[in-house]
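Only one structure is covered here, and it is reproduced in the block below.
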Amino acid sequence: MELLDNLALGFEIALSFEGLLFCFIGVTIGTFVGVLPGIGALTAISMGLPLTFYLDPTLALIMLAGIFYGSQYGSSIAAILVNIPGTATAAITCLDGYPMAQQGRAGVALLITAITSYIGGTFAIIIMMIFAQSIASFGLEFGSAEYFSIMVLGLVAASTIGVGSPLKGLASVALGLTLGLVGTDVYTGQLRLTFGILELIDGVSLVALAMGLFGVAEILASVGGKHQVVVDRKSVRVRSMIPTREDIRRSVFPTIRGSLMGCWVGALPGAGPTIATFMTYAVEKRVAKDPSRFGRGAVEGIAAPEAANNAAVQAAFIPTLTLGIPGDAIMAILLGSMMIHGIAPGPLFITENADMFWGLVASFWIGNIMLLILNIPLIGIWVRLLAIPYRILYLAMLFFICIGVYSVQSSAFDVIATIVFGVVGYFMIVLQYPAAALLLGFILGPLIEEHFRRAMLLSHGEFATFVDGPISSTFLGMAALLLVLSTFRSLTRVRRRTPVKA
Amino acid sequence: MLRPSSVNVWEVAGGVCFLLIGITVTWIGSEYPLGSLQRLGAGAFPVASGVTMAGFGIAIILAGLKAGTPPPEVSLRAFLSIPLGMLAWAVVAPRYGLIPATVCLVVICSFAQRPVRPLTMLMVAVVLSIAGTVVFLKGFGIPLAAIGR
């Protein structure tokens, strides 16, 4: 069966010494990054980007992907032990995980988290393996109009779904898009928005943008804050990890539901792990026989979101690799790094770069197993890591950012660009503009422009081409619907906020 | 009925930024050939995105006028020392090498946090310089001198 052949190929690559090594490095860095508050997966992956230039692309991707799903594990650990979520998704785990820790059941929480995360991730990987080829074939039907529409949907979804002002989200996307226009126009060779700066001929550096917007900006925002961390070491012995039969019984269905939902939501472009996790928690609370237990250490409150979380993270790879459409900012960065190597993910990616695709898929399996096995004994180390003072850490991070950005093109200009984006990113954090949306707009912008122009070229200037086809019109329709819904939502929100004081 | 008495300056400023950037981009974009609908020129998308941003800018200004959220706090120390430190690195590294640059970076950026601890600062500078030289210059082969050009 073709699937088995492909898997064999994939495992051959993933099980090679380098494959295993970089997978291990990736998941370890990921967990480390997830455990430490203040550094997100996005930052870590941005900092790992320059490395892709020195490594074989497949190995680099294995590592970066490992950082991504590893960080989810790590952030859960911090959420349970010290109530500080390393990533947005872990915020949900805090709700019931930390109470469990306070009840002396931290070990159980950690083990259940590890297992359900593994199940969720595995589920998504299986789905990916089964459906990848058919999704790719479906993607071959996509013309430029369809690509344009789905990317627009992705951008609109990313900026309007979830917490925060949709208006600010859309504005961020527009800004990112504009930044993406800087450089040389592919069709006409016209220099755009370069302001006479030589270094901008090839456009704004993705690495500088990502590192600045997420790395430097986070540091600017966190420095000076207080990171007091107190962990109860006693509750984290291996022996205390064994869950009761009751715990296991209660976790089964939430895990299944979480995996399904995570997989589904994660695969949609524009929606990602954060939304999947939040939604799953809400569903579990509704479905539970005794909702009042949630928020006080209910095992379902961590089992389902963790499964959803990991499933969504793995599922996000599906549209990225099979259609070339990144679902969120992290996927966009991975996509960007692949494109820099001249590899274009998309419907043809699976067949033309079969070794890379299946090597990645196989490494997901291995990475998830590594995380499951490694995290149990290593918990003690992570606990101790939580005590590293931030005032030393941020200096190391700044150093890595400087040398990382510089190393890409031996360009001091890029480092300066990083500073600028750091300041911009800082204000975005302070004023609550989603930087991830900006990044997404930056990467998808040039693609959207390309597809739009090509579609118009092929249709001889007819806008109708975007609404003629069933696929394209569906995507645009959904985008329009999201816009309407979010406008409605923010208008009613504003009205409710103006209180009448008697 | 009381109106929120504080207009959030920061929010409005954010909107103004978008408006200004939008106008600038539209203006610059219109200088490039716009082309026809069938063959869109280089200027088409810049103009479109500029107009869109200006529109969002206006909407954000309006939203900022209504909202009564408290203005955010900005840490001036971090704001000055970190960019300066990184700038120093960018200037020093190609000319004088990684180690001098890293020392500058650590020293200047250390001022972002209070209190400044000279001993820690020196230790971190030394460790990072050495580790950086070993890992990045020798290990990854980045074309940068440890000291010198």
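Below, chain A is the first sequence line, B the second, and so on; all start at residue 1.
- Of the listed residues (B:Val106, B:Ile21, B:Val25, B:Thr102), the greatest number of heavy-atom pairs within a distance under 4.5 Å of chain A belongs to B:Thr102.
- Rounded to the nearest 0.5 Å, atoms CG (B:Leu87) and CG (B:Leu105) are 11.0 Å apart.
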Can you give the donor-acceptor pairs under 3.5 Å from side chains of residues 37-52 of chain B to other protein atoms, not counting sequence neighbours?
{"residue": "B:Gln38", "atom": "NE2", "partner": "A:His460", "partner atom": "ND1", "Å": "3.2"}
{"residue": "B:Ser49", "atom": "OG", "partner": "A:Thr178", "partner atom": "OG1", "Å": "3.4"}
{"residue": "B:Ser49", "atom": "OG", "partner": "B:Phe45", "partner atom": "O", "Å": "3.2"}
{"residue": "B:Ser49", "atom": "OG", "partner": "B:Pro46", "partner atom": "O", "Å": "3.2"}
{"residue": "B:Thr52", "atom": "OG1", "partner": "B:Ala48", "partner atom": "O", "Å": "2.6"}

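- Proximity of A:Phe463 to A:Met456: side-chain heavy atoms (C-beta onward) are separated by under 4.5 Å at one or more points.
- Heavy-atom pairs under 4.5 Å with chain B were tallied for A:Leu191, A:Val173, A:Val405; the largest tally goes to A:Leu191.
- Among the candidates A:Val423, A:Ile419, A:Val415, A:Val430, the residue making the largest number of heavy-atom pairs closer than 4.5 Å to chain B is A:Ile419.
- Inspection of non-hydrogen atoms places B:Thr120, B:Val124, B:Leu128, B:Gly132 of residues 119-132 of chain B under 4.5 Å from chain A.
- For chain A, no part of B:Arg77 is nearby; none of its heavy atoms comes within less than 4.5 Å.
- Of the two parts of A:Leu177, only the side chain, counted from C-beta on, holds a non-hydrogen atom closer than 4.5 Å to a non-hydrogen atom of chain B.
- Close approach to chain A, defined as a heavy atom under 4.5 Å from one of its heavy atoms, is seen in B:Phe79, B:Ile82, B:Pro83, B:Met86 of residues 79-86 of chain B, taken by number.
- When A:Gly461, A:Ala412, A:Cys402 are compared by the number of non-hydrogen pairs under 4.5 Å with chain B, A:Cys402 comes out ahead.
- For A:Phe442 and A:Phe421, the gap between ring centers reaches or exceeds 6.0 Å.
- The shortest side-chain heavy-atom distance between A:Val186 and A:Glu450 does not fall under the 4.5 Å cut-off.
- Among the candidates B:Ala78, B:Gly15, B:Cys109, the residue making the largest number of heavy-atom pairs closer than 4.5 Å to chain A is B:Cys109.
- Residues A:Tyr406 and B:Pro94 form a side-chain contact, since some pair of their non-hydrogen atoms from C-beta on lies under 4.5 Å apart.
- Atom CG of A:Leu175 is separated from atom CZ of B:Phe18 by 5.0 Å, given to the nearest 0.5 angstrom.
- Of the atoms belonging to A:Phe413, not a single heavy atom falls under 4.5 Å from chain B.
- At a 4.5 Å heavy-atom cutoff, the contact between A:Leu181 and chain B is made by side-chain atoms alone.
- Distance check, rounded to the nearest 0.5 Å: CD1 of A:Ile443 to CG of A:Leu179 gives 12.0 Å.
- The side-chain heavy atoms of B:Ile147 and B:Pro100, taken from C-beta on, include a pair separated by under 4.5 Å.
- Only the side chain of A:Val216 has a heavy atom closer than 4.5 Å to any heavy atom of chain B.
- B:Thr24 does not touch chain A: none of its heavy atoms, backbone or side chain, sits under 4.5 Å away.
- Neither the backbone nor the side chain of A:Leu458 comes within less than 4.5 Å of any heavy atom of chain B.
- Two residues are said to be in side-chain contact when any heavy atoms from C-beta on lie closer than 4.5 Å; B:Trp10 and A:Leu431 meet this criterion.
- Ring pair A:Tyr433/A:Phe427: centre-to-centre distance not below 6.0 Å.
- Chain B forms more heavy-atom pairs under 4.5 Å with one residue of A:Leu193, A:Leu220, A:Asp185, A:Ile403 than with any other, namely A:Ile403.
- B:Ile28 touches chain A through its side chain: at least one heavy atom from C-beta onward sits under 4.5 Å away, while N, CA, C and O do not.
- Residues A:Tyr147 and A:Arg454 form no side-chain contact, since every pair of their non-hydrogen atoms from C-beta on lies 4.5 Å or further apart.
- Side-chain contact between A:Leu209 and A:Leu439: present, with at least one pair of heavy atoms (C-beta onward) separated by less than 4.5 Å.
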Next on the checklist: Assess the residue pair A:Leu170 and A:Leu483 against the criterion (side-chain contact (heavy atoms from CB on, under 4.5 Å)); give the C-alpha distance rounded to whole Å, side-chain angles, the decisive distance to 0.1 Å, and a yes or no.
Outcome noted: CA-CA 10 Å; A:Leu170 288 168; A:Leu483 281 173; 3.6 Å; yes
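- The shortest distance between side-chain heavy atoms of B:Val92 and B:Val103 does not fall below 4.5 Å.
- The side-chain hydrogen bond (donor to acceptor under 3.5 Å, both in side chains) contacts involving residues 86-100 of chain B comprise nothing, where partners must be two or more places apart or lie in separate chains.
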